[in-house]
Amino acid sequence: MPYDPTAIETRWQDKWISERTFRAEIDPEKPKYYVLDMFPYPSGEGLHVGHPKGYISTDAIARYKRLRGFSVLHPMGWDAFGLPAEQYAVKTGTHPRITTERNINNYRRQLKQLGLSYDWHREVDTTEPDYVKWTQWIFSKLFERGLAYEAEVPVNWCPALGTVLANEEVIDGKSERGSHPVVRMPMKQWMLRITEYAERLIDDLDDLDWPEHIKRMQLEWIGRSEGARVAFPIEGSDGEIEVFTTRPDTLFGATYIVLAPEHPLVAEMTTEPQRAAVDAYVEGAARKSERVRTADTGEKTGVFTGGFAINPVNDERVPVWIADYVLSTYGTGAIMAVPAHDQRDWDFATRFEIPIVQVVDNGGDVSEGATTQPGVAMNSAFLDGLPTAEAKTRINAWLEEQGKGEATVSYKLRDWLFSRQRYWGEPFPVLHLEDGTTKLVPHDELPVLLPELDDWTPSGDFETPLSRVPEWIQTTDPATGAPARRDRNTMPQWAGSCWYFLRFCDPLNHDAAFSPEAEQYWMPVDLYVGGAEHAVLHLLYARFWHKVLYDAGFVHCKEPFQKLLNPGMILGYSYRYYDDNLEDDPAVSPNLYPSSAVRIEGERATAAANGDEVKARWVHHTEIRLDEDGTALHPDRDDIMLEEVTEKMSKSRGNVISPDEMIEEFGADAMRVYTLFMGPLDKGAPWSTEGIPGCFRFLQRSHRLFYEQNGETESLRTLPAGAGTDDQQRLTAATIAGVTEDMEAIQPNTAISKLMVFVRDIAKDSPLPQDAAEAFLIMLGCYAPHLAEELWSQLGHTGSVGLAAWPTYDEALLVSETITLAVQVNGKRRAEIEVPADADNDAVQAIALADEGVQRHVEGKAPRKVIVVPGRLVNIVV
RNA sequence: GCCCGGGUGGCGAAAUGGUAAACGCGGGCGACUUAAAAUCGCCUGGCUUCGGCCGUGCAGGUUCGAGUCCUGCCCCGGGCACCA
């Protein structure tokens, strides 16, 4: 039996864990490297074959860095609060703690069998009392610094989930999870003042080694824009309307004002004749959620209030309207409308026949539409003739002099709605006193733990699960003995993931969230790897908390994650057809349709033949049949060809491949090598079951370098001592050089291809020498650690190959005596020449020109120019 | 609509402005075998009058030389979407 992963893998996994081979230790003598995976939410589904791509990549890097002499922190844990466990509890009555524990055990089992070199002694679970305590402690710090406050805010209430959702969790007016409708309601909620950090969250992005598109997404989410606030006096009153504009230079072109329907001045501005129309409009707008309103980019609607304001630059009367294209939550909730130079204002003005006054000449025609390009000011008194940028500066100075406005900055980012009406989350460590004030639970009373509950069903009437436990809600203030009420809300799932990377530095600490020594040594995270779906939310929230802890003196670096990488998604092949059993009635035997007989229009699919509505169905990937051309067929019907679709793995599409089955068949090492070899870390690709055997064969060949077959048995080869022949030394050196370079660039895919070349060629002419064998195993250990460890121990080593020293090589071996150059004539490759490595350009040129093939193409013409690229090629231009 | 990515053999993919397709899958041929599997070796972009010619989504440009840089367009994936 040549290479049998099942015989060796669990043995090494157990040994690594029992001996704590990969413990992370603070070692002042060594440089540190903190490589972190985004910790998973342990869902009931378990891992599919795509999840470990990031984990396997970080593991290869962690192992590489250890071999390079770094003290490596490579931990794993569980982001275990969250909605699914609670929803499961509602359905089955199983306590979320039970479900969570079960799922964690399954995840841990799956990760362990991949041979990942985590320091499992540092495992954290965000639902553990000892973790919750410090999450609540950080909340206390936010509260003490005035960054956590309660406010009556219009929230996104989702009746189906029975909870409020953050703006970020609402997509197109529906909940991100489950796509249930969401409505706007005012409720008292905990808010975190993330807006106070907006500027720093932007500025500090500069120093981070993150993918540019992720930085950009954060920038756009924060949405900084520079402009001015301008006060428009209200006609017939002492009041004024303050507007925010990014184009103060167009102030002379402001021909009307628009208030958001929720603006506090709406009632005051409205005249009697207009009141009924205004009230109706305001009421209509209130019924729509903000997302619905902003998503609707159709025709502009609005109502005139009957009131007027005065344009401060020219004292002209401008009518005041309300319209829902103005958002109450951005800027001042009011705008000055400049229809000539803003398309939305132009659409509105055109519809309601409001004058359009051009105040910027930029070559455009304002009768056709708004002209938004910069240009030169016109019809603008003292601004006339100034280019847009100068006009802005000038008018801002004027506004400030006159006390009529000022330059200012606005952000799209809002404060973070931080409470949820759920059970399975961290309780707020606060007490509401009878006088209406709120104070923190004293530190020595933390953690505030969840009360036991046996019914998790949301009541649907804005009551939270916790309010059903009066004996928990009702308590006393330990300082005064006065009655107090606990908060009925819990924190969102983000709370635990906002600081887990700090807990990993010192996870067993009972007296602090982490010690200053551990934080000093390990932070920041040098490499953070996880899904691009966290580009804004998790990464923005975690940066915010980290900055608060920085300001409070608990951490020494401004940013938590130095380098960020997003693994590409591994896709699965799914197989689709359609049927007309729209109600999923099991009693019906539906008509089946292949995709080719179905017409798709938007969300609707109809049978091409009769126009009946049909519904997509998927055949599980193991149940398809292939005809002789390789076309997938329905399991029972030869006439139904299945459409092959490459998409995200999910249970409902029947295209999930579990790592368990891959490991059982090919072993963890082959699964790891294939995952890495498929392509670059950040690129996604479909998982092809046909690809793994190739990687398995590579491991088998590696194994055969060390073992020889004698009839039925096999025995370890005796490896000659030393470095071997010149060719072997050169190949070994080139492999080390190449693999090192690839690992520094985080390209394990090409590193593995170099090891494949090594295995193919190293023992071609002479037996594998000892030195080459050891260098190879140390490198191989990054990708196929079990096999490397096994062979390493067979060579007589007692320590782990994962703790050896990265191999070195002699640079001189990479320089050969002669080199092969390509010769081009007019840029086309015509010949190949062999020249001494140290030949100078003239000598190379002479050899090239003398070449027969070159002569034929030069056709006796005199070269006009000869370019010699040392070590590469010669190009002769005639 | 706007902003990011990406488009290279039958497939996954390589390639500091310098010989396009390394490595792997699949396919073909051969060796070993009674045979098959496994293994090993060789071949594998298209066309060709066997001189070559054409080939990195399309059309141009810069350059001695472009997959790589620039301009315009097409397609696919992702993000944002009335933010004044």
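It should be emphasised that the depicted structure is a prediction, and the values quoted were computed from it without experimental measurement. In the text below, chain A, chain B and the rest are named by the order of the sequence lines, each starting its count at 1.
- The phosphate of B:rA14 (OP1 or OP2) has a side-chain N or O of A:Asn749 nearer than 4.0 angstrom.
- Contact between the side-chain N/O atoms of A:Gln700 and the OP1/OP2 oxygens of B:rU39 is found at a separation under 4.0 Å.
- Listed pair A:Arg829 / B:rG18 fails the phosphate criterion, with no side-chain N or O lying under 4.0 Å from OP1 or OP2.
- Between A:Ser225 and B:rA84 there is a side-chain polar atom (N or O) within less than 4.0 angstrom of OP1 or OP2.
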B/S/- along nucleotides 41-54 of chain B (protein heavy atoms under 4.0 Å) is ----------SSSS
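- Regarding contacts with the backbone of B:rA84, every side-chain N or O of A:Tyr325 stays at 4.0 angstrom or more from both OP1 and OP2.
- Taking a pair as Watson-Crick or G-U wobble with both distances under 3.5 Å, RNA chain B forms stems of 3 or more consecutive pairs at B:1-7 with B:74-80, B:10-12 with B:23-25, B:26-31 with B:39-44, B:45-47 with B:52-54, B:57-61 with B:69-73.
- Two residues are said to be in side-chain contact when any heavy atoms from C-beta on lie closer than 4.5 Å; A:Pro339 and A:Thr350 fail this criterion.
- Aromatic pair A:Tyr256/A:Phe348: centroids less than 6.0 angstrom apart.
- One N or O on the side chain of A:Lys215 and one on the backbone of A:Leu208 form a donor-acceptor pair closer than 3.5 Å.
- Contact annotation for A:Pro680: backbone-only contact, meaning every heavy-atom pair under 4.0 Å involves sugar-phosphate atoms and none involves a base.
- Between A:Phe696 and A:Tyr3, the ring centre distance stays below 6.0 Å.
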